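Fair warning: this is a prediction, and the values are worked out from it, not measured in the lab. Within every chain, numbering begins at 1; the chains are lettered A, B, ... in the order of the sequence lines, protein sequences first and strands thereafter.
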Amino acid sequence: MSTSDSTPKERYNARLAAKIEAKWQDRWDSQRTFEAPNPAGPLAEPDKIAGRQKLFILDMFPYPSGAGLHVGHPLGYIGTDVFGRFKRMSGFNVLHALGYDSFGLPAEQHAITTGVHPRENTESNIANMRRQLRRLGLAHDARRSVSTTDEGFYRWTQWIFVQVFDSWFDTDLGRARPISELIAEFSSGIRATGGTPWTEMSSRERKQLVNDHRLAYLADAPVNWCPGLGTILANEEVTAEGRSDIGNYPVFKRNMRQWTMRITAYADRLLNDLDRLDWPESIKLMQRNWIGRSEGARVRFASPAGDIEVFTTRPDTLFGATFMVLSPEHPMVDELTTTSQRVAIDSYLSAAARVTDTDRQSDTREKTGEFTGSYAVNPVTGEEIPVWIADYVLMGYGTGAIMAVPSGDERDFAFARKYDLSIIATQMPPDSWFADHGIAPSVDCATWPNAFVGEGTYVNSRNDAGTSAAGALVLDGITEMAVAKRCTNEWLEARGIGEAAITYKLRDWLFSRQRYWGEPFPIVYDHDEMPVAVPDTLLPVALPELSDFKPQALDPNDEITDPIPPLARRADWVHTTMDITDPITGETLSGAKVRREINVMPQWAGSCWYELRYLDPTNDAVFIDPEVERYWMGPKHDGHTGGVDLYVGGVEHAVLHLLYSRFWHKVLFDLGHVSSEEPFHRLYNQGYIQAHAYRDERGQTVPAADVRERDGNYFYDDQPVSREYGKMGKSLKNIVTPDEMYDEFGADTFRLYEMSMGPLDQSRPWNTRDVVGMQRFLQRLWRNLVDEDTGLPTVSDSECPDALLRTLHVSIDGVQRDMDGLRFNTAIAKLIELNNALTKHVDAAGSTPRVVAEPLVQMLSPLCPHLASELWQRLGRSDEITYSPFPIADPNLLVSDTVEIPVQVNGKVRSRLTAPTGSSDDQLTALALSDEKVRIALAGAEPRKIIVVSSRLVNIVA
RNA sequence: GCCCGAGUGGCGAAAUGGCAGACGCGACGGACUCAAAAUCCGUUGCCUGAAAGGGUGUGUGGGUUCGACUCCCACCUCGGGCACCA
């Protein structure tokens, strides 16, 4: 940017913007402008909240990456900031803060390679991110910027874990209750143990029984075990080839004892409460799919190895079940395999074990399977049907076994055709189905090209041989699937063969990691090797110091040896003595010898509840003061879930983070710790900023900033390059940083550009070239209010022309509504229009009327707070614009004396006429018919019909 | 394969049943300048026309309506999610 002599001293450019921005950022800090008062607790200022509505807005918890920010990161932060500032001017008590999700893998990987402690690395990353964000001028309450790695924070993460550990899910009441109440029910005999009576159990057996009911429990679960790295890996850390993302080591599926969260107990509430949330439908749908609730029935088929239980969503097709298929991992496979089939089954099993999960789920793969040699009995027909194994049946869903109904299920159909198994129709498809497939209607499935799924009249579905004998199941003639399902379920239930059942895709949540940089579990193991919560007075369980952060590396192909987490290296920390309380008897065991849990929590833990800590960040007595929680997050009326008023973030967290947080929040609600049933009442997904990237002829990416366009082609160093489009990132060499924008334009221009690019929820390409448009707008606006040479205001208290005043109020009306609806791009367009109108006035009159200047600056201030604050001050205002009331449109100035009405002839606009506001439809009709252009367009034709939309339009149909 | 979402100028976009393309970029023309940058003013969907004007136009094809970017049906393309879930 040139600063030569010809440039006026007080022109609004990057140099002046930098000066103004630093000045106001310092002032906001020192005056603590954005601190939000609480009703109670350490940050209580009850007098300041009186008479104000509250608004809690939240951005998704960022990970403090070492790479720093690019221009895509702050998009959502700017959006929430603009909204928060607008609402603050509208009288709301706005709480807006940003903390750091600072545990996690990258800092640990960095520590492993450099030896720098993850804490040091994390802290310097946070400092850098704070610096970059401060330059943006975000109106955050700095007191509330917590980090998950602070002991004062993770003390409460551990406390919440203990709450989850110390509760169980009462399926009768559909909610969590303290584990002590379960123990009381067992010991008093109100609740049966389902096995050995409580009184006859050993201490260890009692603990095990209770542990099996806890919401946080230890379970053997299949995990991604990577011996080369000495740790288990999250699914997203495993490549499609089944190797580790880092180091390319083999990864094995194996069972390991892990902390697990009983999220499945909440499946129905997590599903049903979605209806009460103000979230994008697409996200609700993703959560619904993830929970995957299926209604159906469990049915037991007799076999030589005992009953085989299956889950089916189509009990109504039971008469068409002509064979069964078990997953290769099913526990009954061995017993069902006959001597003659042993070799074939064993070879199939070993082949199946070698197929990776991704291959197994490939859609092009042909179905394979093997006959066990055994037969089971179809409970409705009494017929013997063969039992097969096949890897298209998954052990992890339902019961790991299915009844195969080839006529009604495409997968079973394909399998039956391949292995020549019988196919019996249980429903007659409609004629249209046969027509679509080009075959004649027939109940003989031999002619069918596919299975039939849909509504059709039931056939071949009675087990009384046509006698109408009492107690028989007769579906024949029924036309509705729901009726047939109900009849079948009732029949099965009456005979104890099966019952209606619901299955979920959702799995319990694997909660431990063999890592260092995470929250230690507040758990020790007692002399019975049973987990016991660390007493509250001993929290936090601080992460012990280590000299080496590497997990123990093993032979990359060693599937057998158990992982040894880094914390195990501190034997002095692991083995300790502690005053613990026996969970069953309640008696205190002083100085008990205990062993600490050496796994750590996953990164999700802190982000599951951080929003609550923003509200009461310095409270040492409780994780959040109940009154503070009720004020900021409590339900607004009967049936309202409560929760954050606006939560903005990317879709990538649609399922995991948002589901885990909802689960923890519901547990806290059940236990009476929070008044809100949901953490995030309104969710808004911001789009992404993407960017073009360029490759040369060798396929190498070249720096996007140095590519030039000529006639629609792109060149780097005069060599043609090809253009592609994707996320900003190092590998595509297309990163643009906020710092570059601050230097070239200033933060206000950058903020304005990001908000003007399009709707907040849409992704759009970054174009540095376009930013100048917003800078020019601010420059023109500045010039309308301030003399570019002297810096003095050019505002006059003289009369404002009526037309300009009307334009102003139309703008106020539109900008107000746009900002309320998060439509910042159109709000900005309206401000530019107003400023363009003002420029014409200033060109003629030489100054801006104060009645226009002040509201214009106020409307701009949520978007460009530094510039607006500066202008406010230069206009002679000594109050803080942040808390000045947002302008209100005068309804009288929104309507003008005349309106322009388009006139259509046969739906095409042929003329426009100016009519007095409030003209009657008849008057408009008369005006239109006498209009010269309309008469020409009609060409003498007689109008057959005239449509008048009052004050909007006239359409003449001839 | 199934389920969502989106397709509008050279580009980002606006209009959600009633004047398509607001606002911004770019491009073109002009002012200022020795010159350039910056800044300012004007033009800018496409076709046709000297102009006035006319025609045409919101992925494609149908439909509903006096009137459709907007609603309905089918298809095409792109993006996202799920994926042998019984």
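Scanning for side chain to side chain contact (heavy atoms under 4.5 Å, CB included) contacts around A:Ala845 gives A:His841, with sequence neighbours left out. When the side chain to side chain contact (heavy atoms under 4.5 Å, CB included) test is applied to A:Asp818, the partners found at least two apart in sequence or on another chain are A:Arg823, A:Thr826, A:Ala827, A:Lys830. When the side chain to side chain contact (heavy atoms under 4.5 Å, CB included) test is applied to A:Lys418, the partners found at least two apart in sequence or on another chain are A:Glu366, A:Thr368. Annotation: side chain to side chain contact (heavy atoms under 4.5 Å, CB included) contacts of A:Thr898 (sequence neighbours excluded): A:Thr914. Qualifying side chain to side chain donor-acceptor pair (under 3.5 Å) partners for A:Asp770, counting only residues two or more places apart in sequence or in other chains: none. Residues satisfying the salt bridge (Lys or Arg N to Asp or Glu O under 4.0 Å) test with A:Glu833, not counting sequence neighbours, are none. The salt bridge (Lys or Arg N to Asp or Glu O under 4.0 Å) search around A:Glu652 returns none, not counting sequence neighbours.
Following rounding to the nearest Å, A:Ile946 (CD1) and B:G67 (P) show an atom-to-atom distance of 15 Å. Rounded to whole angstrom, the span from the CZ atom of A:Phe301 across to the C1' atom of B:A86 amounts to 12 Å. With rounding to whole Å, A:Gln779 atom CD is found 8 Å from B:A38 atom C1'. The distance from atom CD1 of A:Ile936 to atom C1' of B:G54 is 13 Å, rounded to the nearest whole Å. One interatomic measurement links the two molecules: CG of A:Leu778 to C1' of B:C40, which rounds to 17 Å at whole-angstrom precision. Atom P of nucleotide B:C40 and atom CG of A:Asn13 are separated by 13 Å, given to the nearest angstrom. One can place CD of A:Glu788 at 11 Å from P of B:U39, the figure rounded to the nearest angstrom. Remark: P of B:G81 and OH of A:Tyr688 are 9 Å apart, rounded to the nearest angstrom.
For residues 281-295 of chain A, the set of pairs meeting the salt bridge (Lys or Arg N to Asp or Glu O under 4.0 Å) definition, not counting sequence neighbours, comprises A:Asp268-A:Arg293, A:Asp275-A:Arg288, A:Glu281-A:Lys284, A:Glu281-A:Arg288, A:Arg293-A:Glu295. Applying the salt bridge (Lys or Arg N to Asp or Glu O under 4.0 Å) rule to pairs touching residues 946-958 of chain A yields nothing, sequence neighbours excluded.
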(request) Give RNA chain B the dot-bracket treatment, 5' to 3': Watson-Crick (N1-N3 with N6-O4 or O6-N4) or G-U (N1-O2, O6-N3) under 3.5 Å, [ ] crossing, | other strand. (result) (((((((..(((.....[....)))((((((.......))))))((((....))))..(((((..]....))))))))))))....
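Contact check, A:Lys505 against B:A86: no side-chain N or O comes under 4.0 Å of OP1 or OP2.
Comparing the P positions of B:G55 and B:A20 gives a spacing of 13 Å, expressed to the nearest Å. Nucleotides B:C78 and B:U60, compared at atom C1', are 15 Å apart to the nearest Å. A gap of 12 Å separates the C1' atoms of B:U8 and B:G12, to the nearest Å. Separation of the P atoms belonging to B:U56 and B:G67 is 16 Å when rounded to the nearest angstrom. The same atom, P, is picked in B:G54 and in B:C3; the two are 48 Å apart, to the nearest Å. The gap from the P atom of B:G26 to that of B:C11 amounts to 15 Å, rounded to the nearest Å. Here the separation of B:C73 from B:G57, taken at their P atoms, is 24 Å to the nearest Å. Here, B:A22 and B:A13 have their P atoms 15 Å apart, quoted to the whole Å.
Across B:G42, B:A86, B:C66, the shortest atom-to-atom separation from the side chain of A:Thr312 is found for B:A86. The side chain of A:Phe311 lies closest to B:A86, out of B:G55, B:A86, B:G12.
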(request) If a protein heavy atom is under 4.0 Å from the base, mark B; if only from the sugar-phosphate, S; if neither, -; do that for nucleotides 14-25 of chain B going 5' to 3'. (result) S---BB--BSSS
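Side-chain contact between A:Met774 and A:Ile828 is present, with at least one heavy-atom pair separated by less than 4.5 Å.
Of the residues in residues 280-294 of chain A, those placing a heavy atom less than 4.0 Å from an atom of RNA chain B are A:Ser282, A:Leu285, A:Met286, A:Ser294, in numerical order.
A:Thr399 comes within 4.0 angstrom of nothing in the nucleic acid, heavy atoms only. At a threshold of 4.0 angstrom between heavy atoms, the contacts of A:Arg944 with the nucleic acid are absent. If you check every strand for non-hydrogen atoms under 4.0 Å, A:Arg507 touches nothing.
Between A:Phe415 and A:Phe323, the ring planes are parallel. Angles under 30° get that label, and only those over 60° would be called perpendicular. In this structure, A:Tyr397 and A:Phe311 have perpendicular ring planes: the angle between them is above 60°, well past the 30° mark.
B:G9 has its base syn relative to the sugar, with a glycosidic angle deviating from 0 by at most 90°.
Ring centroid separation for the pair A:Phe745 and A:Tyr753 does not come in under the 6.0 Å cut-off.
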